[in-house]
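So the structure is just underneath, and the comments pick up after that.
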Amino acid sequence: MKTLAVVVTTPPYSHLTITALNYVEAALQAEVEVIGVFFYQDGVMHANQNISIASDEYQAIQHWQRLHQNYQLPLHICITAAEKRGIVCDALDNEKVNQAFTVSGLGELVELTTKASRLVQF
Amino acid sequence: MKTLAVVVTTPPYSHLTITALNYVEAALQAEVEVIGVFFYQDGVMHANQNISIASDEYQAIQHWQRLHQNYQLPLHICITAAEKRGIVCDALDNEKVNQAFTVSGLGELVELTTKASRLVQF
Amino acid sequence: MTTLHLVRQSAFATNDFAQCLSVLAHQDAIVFMDDGCYNLKHSLLNSLIERIDNSLALYVIANHAKARAIETLVTINKVSMTEVVELTFNYNKVITWQ
Amino acid sequence: MTTLHLVRQSAFATNDFAQCLSVLAHQDAIVFMDDGCYNLKHSLLNSLIERIDNSLALYVIANHAKARAIETLVTINKVSMTEVVELTFNYNKVITWQ
Amino acid sequence: MTMIDTQVCSNVEDGNGLAIINSKAPFSSAYGKDALDIALIFGSFEQKVSLFFQGDGVYQLIDNQDGSLLSIKDYLKTFAAFEFYDIEDIYVCHQSLANRELDESFHIEGVNVLQSIEFSEALNQHAHILRF
Amino acid sequence: MTMIDTQVCSNVEDGNGLAIINSKAPFSSAYGKDALDIALIFGSFEQKVSLFFQGDGVYQLIDNQDGSLLSIKDYLKTFAAFEFYDIEDIYVCHQSLANRELDESFHIEGVNVLQSIEFSEALNQHAHILRF
């Protein structure tokens with residue numbers, strides 16, 4: 001069974017993120033089981049609800065949301081990395097976190113790494 | 001007259017920012033006229049009110065606020081860079097912008113560069 | 001135990017590709033992607049092609065090279081992202097050099 | 001027209017210090033700070049010391065080098081941040097290599 | 001010494017305008033675009049700004065690139081507007097081109113290819129320098 | 001072939017545990033700390049994790065450093081806890097040390113200095129690799 005876990009460390013306004021997205025989408029289309037994407041370091045910026053990218057630029061956040069909806073792709077953000085970057089992960093006030101993303105700890109990365117036959121970092 | 005403008009491109013959770021802060025504070029203590037600090041690229045993250053840095057780590061944002069208060073040091077954030085990074089600069093809802101910082105356009109950088117006898121980038 | 005190396009940085013700018021080469025094993029493969037495509041013109045590639053045997057394979061993502069106006073040598077296999085996904089499972093593990 | 005060069009990156013990791021050297025003029029000065037302190041052990045520094053004349057000056061921020069356990073050569077002036085501020089106005093302009 | 005002479009001297013001593021050094025390749029970071037935005041705003045305020053391309057920054061000038069293949073909005077096309085903004089001083093480091101086996105085929109007109117010494121001297125004429 | 005044999009084969013084929021390659025110097029970015037946090041969580045979940053230091057990453061191991069001089073909370077001190085977390089496989093690239101004129105004086109015990117080939121082989125034993 002081909003199972004894949006992906007770590008994303010680049011923010012939504014980085015062009016490098018487009019490569020990560022294209023890779024994950026190609027995997028999903030090839031019917032690889034992508035067990036989760038773990039956003040770490042600047043990658044957590046994808047879950048910031050307030051980000052406003054010019055409409056003629058690539059909309060990385062929307063594309064992650066689309067993959068989440070179409071393929072039930074689990075998207076995890078690292079809570080420690082998120083709080084350092086101004087993304088409030090308070091359960092009572094989680095309107096700042098994009099609902100396609102699950103707030104997780106690094107334990108989730110252990111889980112993904114243990115289960116996946118391949119781990120790919122972007 | 002020694003006048004200085006400073007550009008800061010690193011975020012509050014980068015150790016490189018400590019060097020920028022130490023430089024600006026040394027300039028203020030040496031009675032150099034620091035006509036403004038312009039935060040660009042990831043530097044704008046300093047104005048994000050929601051950022052929570054572990055209490056035993058260096059509190060870059062508080063130190064910029066202190067220099068702003070003690071020396072009336074003007075702190076400008078670039079609005080385009082800020083909106084890309086989820087810092088809402090809406091005049092009606094500016095509670096997300098730290099009040100020590102002024103939301104500015106790149107025109108402010110032109111102004112600072114033209115007036116300053118030295119421009120230093122960090 | 002084989003490794004697929006994803007090389008995303010220009011060796012003209014950073015030392016990452018050189019580090020990749022220092023751990024490269026005989027049956028590994030390299031995929032040049034993003035700014036890693038610039039390495040097709042770097043002198044480190046010559047040393048790599050000298051080291052090449054039938055088991056070591058070099059790939060470049062075709063549109064990443066084309067977007068950068070980089071002509072690719074015949075000895076380098078041009079691949080799509082779908083093929084990179086396939087390669088991921090043809091090797092035992094992946095290291096990303098970024 | 002003289003320039004103060006603030007070098008913040010390790011030449012073992014990136015090409016920035018080499019780019020600095022290619023525009024260095026006779027009466028310029030270099031301040032090694034942050035990871036730029038590692039350049040005190042890089043072979044590019046030898047070529048620099050060979051190029052040195054009475055007008056070219058090299059500085060390192062003392063606590064940036066000490067924090068990294070780097071021993072500094074006698075030919076390199078150890079300075080504080082306050083002295084870097086002074087140097088800023090002793091040269092006509094500043095370039096930051098980061 | 002007349003007022004004009006003093007100004008000339010002052011210009012010679014302190015340099016004139018802003019130089020921006022571009023050191024990053026175009027398609028994997030926003031550095032090039034961030035530098036471009038600064039150049040254009042200086043141009044629109046009628047302030048002198050010169051552009052220098054060195055290291056991997058020289059890739060920003062190379063002909064026949066196409067960011068749209070990467071789903072990137074290709075900011076390099078905006079370089080064609082430099083003339084409109086009176087940005088006329090564009091310098092590229094010959095050694096950086098040679099190291100990368102690049103021809104002098106650029107996607108804009110009026111690029112000056114300079115040897116290291118001339119590149120350094122041109123840079124040296126400016127009052128302020130930013131590097132991206 | 002017994003069940004146990006199959007498992008052994010599977011381990012040999014697919015490697016075992018996570019390797020983290022540290023490639024950045026300690027005091028000007030959070031990469032080292034971010035990698036450390038991952039290592040410690042794998043340790044606390046009793047999952048095998050090995051640490052590799054290469055390139056400027058080798059500076060993370062050097063003795064007599066003091067981040068407090070830079071107002072930095074010195075995460076390198078936490079390396080002393082590796083034993084407590086059963087993190088015992090720590091490898092450093094000899095060539096990276098030599099290039100930087102560094103002695104083999106480390107601030108923790110049990111660091112294995114390896115030539116490039118052995119370094120590569122040790123890395124190769126792992127199922128997954130992250131690099132910071």
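A note on names: the letters A, B, ... follow the listed sequences, proteins ahead of strands, and every chain is numbered from 1.
- Counting heavy-atom neighbours within 6.0 Å of F/Glu118 CD, excluding the residue itself, gives a total above 12.
- Between F/Phe79 and F/Phe53, the two ring planes are tilted [angle within 30° to 60°].
- Surrounding NZ of F/Lys48 are more than 12 heavy atoms belonging to other residues, nucleotides or ligands, all under 6.0 Å away.
- Of residues 96-116 of chain F, those residues lying under 4.5 Å from chain C by any heavy-atom pair are F/Arg100, F/Ser116.
- For C/Thr96, the part lying under 4.5 angstrom from a heavy atom of chain F is the backbone only.
- Less than 6.0 angstrom separates the ring centroid of C/Phe32 from the ring centroid of C/Phe17.
- Remark: F/Gln47 pairs with A/Val110, A/Thr114, F/Phe42, F/Phe45 by the side chain to side chain contact (heavy atoms under 4.5 Å, CB included) rule, at least two apart or across chains.
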Query raised in the report: Passes side chain to side chain donor-acceptor pair (under 3.5 Å), F/Gln54 versus C/Ser22? Steps please.
Result: CA-CA 10 Å; F/Gln54 187 191 25; C/Ser22 87; 3.0 Å; yes
Please tabulate, for side-chain N and O atoms in residues 41-49 of chain C, each donor-acceptor pair with protein atoms closer than 3.5 Å (sequence neighbours left out).
unit_1: C/His42; atom_1: ND1; unit_2: C/Leu44; atom_2: N; d: 2.9
unit_1: C/Ser47; atom_1: OG; unit_2: C/Leu44; atom_2: O; d: 2.7

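- Proximity of a side-chain donor or acceptor of F/Asp66 to a complementary backbone N or O of F/Ser68 within less than 3.5 Å is detected.
- Of all residues in residues 21-37 of chain F, those placing a non-hydrogen atom less than 4.5 angstrom from a non-hydrogen atom of chain C are F/Ile21, F/Ser23, F/Lys24.
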Query raised in the report: What's the verdict on side chain to side chain donor-acceptor pair (under 3.5 Å) for C/Glu83 and C/Ser80, showing C-alpha distance, side-chain angles and the deciding distance?
Result: CA-CA 5 Å; C/Glu83 289 167 294; C/Ser80 67; 3.2 Å; yes
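- Residues C/Asp16 and C/Arg8 are not paired through a salt bridge, judged by the lack of any N-O separation under 4.0 Å between the basic side chain and the carboxylate.
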